[in-house]
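Everything on this sheet refers to the single structure shown next.
Order of appearance sets the numbers: ligands from 1, and atoms from 1 within every ligand.
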Amino acid sequence: MEYKSGFVSIVGRPNVGKSTLMNNMVGEKIAIMSDKPQTTRNTIQAVYTDDQAQIVFLDTPGIHKPKNKLGQMMVKSAEESFKNVDCILFVVDDSDKIGKGDSMIIENLRKAKVPVFLVINKVDKIANKEEIFDLIKMYDQEGLFKEIIPVSALKGSNVDSLIKAIKQTLDLGPKYFPDYMVTDQPERVLVAELIREKVLQYTNDEVPHGIAIEIEKMKARKDKDIVDVSAVIYCERNSHKGIIIGKNGRKLKGIGKSAREEIEFLLDTRVNLQLWVKVKENWRNMTNFITDFGLNE
Ligand code: GDP
Ligand code: K
Ligand code: MG
């Protein structure tokens, strides 16, 4: 059998589970996940490889109305990813109506020249399985989707059917990436993203999107099997700094501990992690500062 490959863009409203789905398909945690919208800031590539095909997934920031410069960049990179792909996964969740956000994406997708799969995610939340058929019927009336596939990205249910369906649409093509490679993101970016995920988790909704992570140092020690990482957590306000650090530094300690554990797992080595919190007002409207953090132009 001849080898197939192609690029697949994952689009959908914030929080429907795009990053969770992509991580499940490639079997590793590449995109960070959280219950806050717009957790994914730049387009991330993740690679699925088996002995018949290679699929390169593009996880895009959610499409929404931009509120600031960072938002504008996120939407732009999501729309760019409609082009130059072999098929598109449009992910929705278990809501029983097609809302404004989804309708907007559907209208955009009508312009796409490649097959669009509809992925109904979070079906683990639907107790009555009849309701899944109702959802399929509702979306089928749009007359847009090549196939409608219900999955649970969180539990991994039916994700194999989705991969099978994608493989069927792909043309013959080369293996773009070596087998072991699951993402184009450099380790530094993954480490920064893991720290950002922990800050978001530990601070609940108190510190909204005003944080960015800069890795100041990431270096393996010569003599020992240990990597020193030092990173700065930038936030927009002094009050946010206090929240992140917490009483007696307790919160920052927790963030550091759980981030360190995940970084150790990622790098497969012991890690010495130092975290600093600094205030940089209004960084989201400063283009230079944003590009500094490796976000797409
Ligand atoms: P994204 O913004 O579309 O990338 O969404 P995320 O992947 O960050 O997921 C948003 C939230 O939905 C997180 O809290 C996930 O744990 C949750 N989630 C994702 N997939 C599922 C699923 O299949 N079932 C359930 N119950 N929750 C999910
Ligand atoms: K999210
Ligand atoms: Mg995401």
TODO: Could you see which bit of Asn121 sits under 4.0 Å from ligand 1, with heavy atoms only: side chain, backbone, both or neither?
DONE: side chain

Open item on the list: Checking side-chain polar atoms at under 3.5 Å, does Gln52 have a donor or acceptor matched by the opposite partner on Lys4?
Closed with: no

Open item on the list: Please check whether Pro14 reaches ligand 1 - meaning an N/O of the residue sits under 3.5 Å from an N/O of the ligand, judged on distance alone.
Closed with: no

TODO: Determine whether the aromatic ring centres of Phe57 and Phe7 lie less than 6.0 Å apart.
DONE: no

- [ ] Give the atoms of ligand 1, by number and element, whose distance to some non-hydrogen atom of Lys125 is under 4.0 Å.
- [x] 26 (N)

- [ ] Report the distance from atom CD of Glu107 to atom CG of Leu144, rounding to the nearest 0.5 Å.
- [x] 8.5 Å

Open item on the list: With heavy-atom distances below 4.0 Å as the criterion, list the atoms of ligand 1 near Lys18.
Closed with: 1 (P), 2 (O), 3 (O), 4 (O), 5 (O), 7 (O)

TODO: Examine Gly17 against ligand 1 and note whether any of their N/O atoms are separated by less than 3.5 Å.
DONE: yes

Open item on the list: Minimum heavy-atom separation for Leu275 and Gly256, please, with both atom names.
Closed with: CD1-CA, 3.7 Å

TODO: Report, in ascending order of atom number, the atoms of ligand 1 lying under 4.0 Å from any heavy atom of Ser19.
DONE: 4 (O), 7 (O)

Open item on the list: Between Lys278 and Glu214, does any side-chain N to carboxylate O distance fall below 4.0 Å?
Closed with: no

- [ ] Would you check the N or O atoms of Lys122, main chain and side chain alike, for any that come under 3.5 Å of an N or O of ligand 1?
- [x] yes

Task: Cationic N near anionic O, under 4.0 Å, Asp228 to Arg221 - done: yes

TODO: Check each atom of ligand 1 against the heavy atoms of Thr20 and keep those under 4.0 Å away; list them by number with element.
DONE: 6 (P), 7 (O), 9 (O), 15 (C), 19 (C), 20 (N)

